[in-house]
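A quick write-up on the structure given underneath.
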Amino acid sequence: MLQTLRIENLAVIESLEVEFSEGLNVLTGETGAGKSIILKSIDLLSGKKVPSGIVRTGTDKALIEGIFFLKQDTVKFIAQHFEEIYSIIGNTNEENTEETLEVLLKRIIDKSGRSKFYINGSLMTQGTVANFMEALVNATSQHEQKALLEKSKHRGVLDAFGVSESALNDTRIAYLNYKKEADLLEEFRQKREEFEAKIFRLNAEREELEQIKIKAGEREKLEADLEKANASDILESALKEAISLIEANSRSSSNVSSPGIAGGINRVSRLIEGLMKYDASLVPLFELIESSRAQISEIELQLKDNLENLDFNSAAFEKMQNRLGDIIRIEKKYRKTSDELVVYQQKITEELSMFEGGVFDEDKLQKSVDMLKKVVTEKEEILTKERTKISLLLTKHVNQSLKDLGLKKAEFAIAITKGESTSNGADQVQFLFNANPGEEFKPLDKVASGGEVSRLLLAIKSAIKKSDECVLQIFDEIDVGVSGAIAQVVGEKLKSLSTTRQVLIITHSAQVASLADTHIYIDKLVRDGRTYSKAKILNFDERLGSIARMLAGKEVTKEFEDSARRLLLGK
């Protein structure tokens, strides 16, 4: 239930805190005192759109806070359907027993209309809060009474009464599968030439790319090989000079015989070897020189191998140049690198496989559409049977409630006819009404008065109360247009509804107000030219005076006070 509602700087309300109880909570007060603003604040706390100018003039922001106390069944429902929120509110309730939870919702609205939402101190998105609160709060406003006259709303009301989620989901899934395939077929028919041109283009591109056979990294390798080939003259000259410097008996530029590196090391080796018999310490040096001589010999052999392998082939060089030119040309044509072209070729192959596999085969698509349509029809028939069965139960409940509400001769009926397939099935549901015996049933908007619609809506709400998971049910002047004994019955219906959930109603009916578990009076005062609202929970004597004024109007006499007392005492 909603325990506490705190409002700051919202319309005529500067600062207001209201405590609610379980059962039936009634708001009364003079026109313009702020009763509707209280209901509006709950709407805003539930994520509804911010009306222009709702922040109190002269202030920067409005604040709305609501503390909800949720019992075991609701906690389980939240745990199943709102895991993110359950994890937050569960962790922030220190003494949580998984049976009851306290939830603090907050919305801050700045004067430009921007908002921030919080659940137990954690910042949340508007959509998350709206979905969460939609499961907890059901507001029945005068707008909803008007909406009841709209045929488009009737199917949803019937489904809420007891149509199984499995039947609705099966129909929805079957329809969406069918619609996806049907849309694909329609798109194919509308764009046949476009598809054919695309297939032709893809085949041409695949053939071209298959002919050139580009490999990943091929361009980089070709460029490196060509660069190496272009440097072959430089490599040959350098290798020959390196070999000549190593070889013994090479000649210098002055044509003087030179022993070369290898010859020089050989000579040093012989000299040291001859001296070792006189100086034993030269032995390690001799071994080092011998090692160097072996390494120089290995270097000479490798340089000669490189020189022999340096075989410039002009035909191969030209072939590489031509191949690189082809790759550059195809890259420019497709505006892709060679590596990207390898990936693109694979993509083309996959896309053509899809075409060739019959995804865009009109006959195959048509057969698939026909098969899926058959499944839709089967699911729709199951859903229609269930809706027909449920409609009889709802009709029975509503007609009994209408008699209780004083419309003893009125009758309610539900017409279900076949229409176009949708994700909600093919059923067109319309509520019909007959206020007078002997007359034919007609649509609500053609025959029902405002008072009759109010009572019909209450009758429907009473019927679906067991299937509704909401914690708080709000009614905004649903008793409009009724008085006396009928108003008493309306109050009793609301009282009965409040045994399974918390009910909050704005009323001008003394009969309804007298049945309240908590009676909250909203008053207004004017100070320094500004209007201020205040709320007060009335005790018995204050309720007596308030209800007497509702009965009397301007002048309250003892007779009206006695009537008010009888209402309060249920006599």
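Values below: every heavy atom of this structure, side chains too, minus hydrogens, waters and symmetry copies.
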Lys/Arg N to Asp/Glu carboxylate O, Asp183 vs Lys179, below 4.0 Å: yes
Without swapping roles, check the side chain of Thr422 against the backbone of Asn424 for a donor-acceptor pair under 3.5 Å. yes
Residue pair Glu84 / Thr128, side-chain donor-acceptor N/O under 3.5 Å: no
Any donor-acceptor N/O pair, Arg56 side chain to Ala11 backbone, under 3.5 Å: yes
Atom CD of Glu559: over 12 foreign heavy atoms under 6.0 Å: no
Do Leu515 and Glu492 come close enough that some side-chain heavy atom pair is under 4.5 Å? yes
Keeping Ser368 on the side-chain end and Leu365 on the backbone end, is there a donor-acceptor pair under 3.5 Å? no
In terms of ring plane angle, is the pair Phe412 and Phe431 parallel, tilted or perpendicular, where the classes change at 30° and 60°? perpendicular
Asn434 side-chain N/O to Ala410 backbone N/O, donor-acceptor pair under 3.5 Å: no
A quick test of your reading: do over 12 heavy atoms of other residues, nucleotides or ligands sit less than 6.0 Å from NZ of Lys418? yes
Determine, for Asp60 against Lys111, whether the closest basic-nitrogen to carboxylate-oxygen distance falls under 4.0 angstrom. yes
Indicate yes or no for a side-chain donor-acceptor contact from Gln126 to the backbone of Gly47 under 3.5 Å, with no hydrogens or angles considered. yes
Is the shortest side-chain N to carboxylate O distance from Asp370 to Lys373 below 4.0 Å? no
Go through the side-chain N and O atoms of Glu386 and Ser164 and say whether any donor and acceptor fall under 3.5 Å apart. yes
Return the minimal non-hydrogen interatomic distance between Ala564 and Ala548, and the atom names on each side. CB-N, 3.6 Å
Would you say the side chains of Arg387 and Thr384 form a donor-acceptor pair under 3.5 Å? no
Lys403 atom NZ: more than 12 heavy-atom contacts under 6.0 Å: yes
Can you tell if the side chain of Phe161 reaches within under 4.5 Å of the side chain of His397, non-hydrogen atoms only? yes
Would you find a donor on one side and an acceptor on the other, under 3.5 Å apart, between the side chain of Arg543 and the backbone of His519? no
Flag the pair Lys536 and Glu542 as a salt bridge only when some basic side-chain nitrogen lies within less than 4.0 angstrom of an acidic carboxylate oxygen. yes
Test: Arg155 and Asp159 ion pair at under 4.0 Å: no
Do Phe433 and Leu402 come within less than 4.5 Å of each other through their side chains, counting heavy atoms only? yes
Is the shortest distance from a Lys or Arg side-chain nitrogen in Lys495 or Asp517 to a carboxylate oxygen in the other one below 4.0 Å? yes
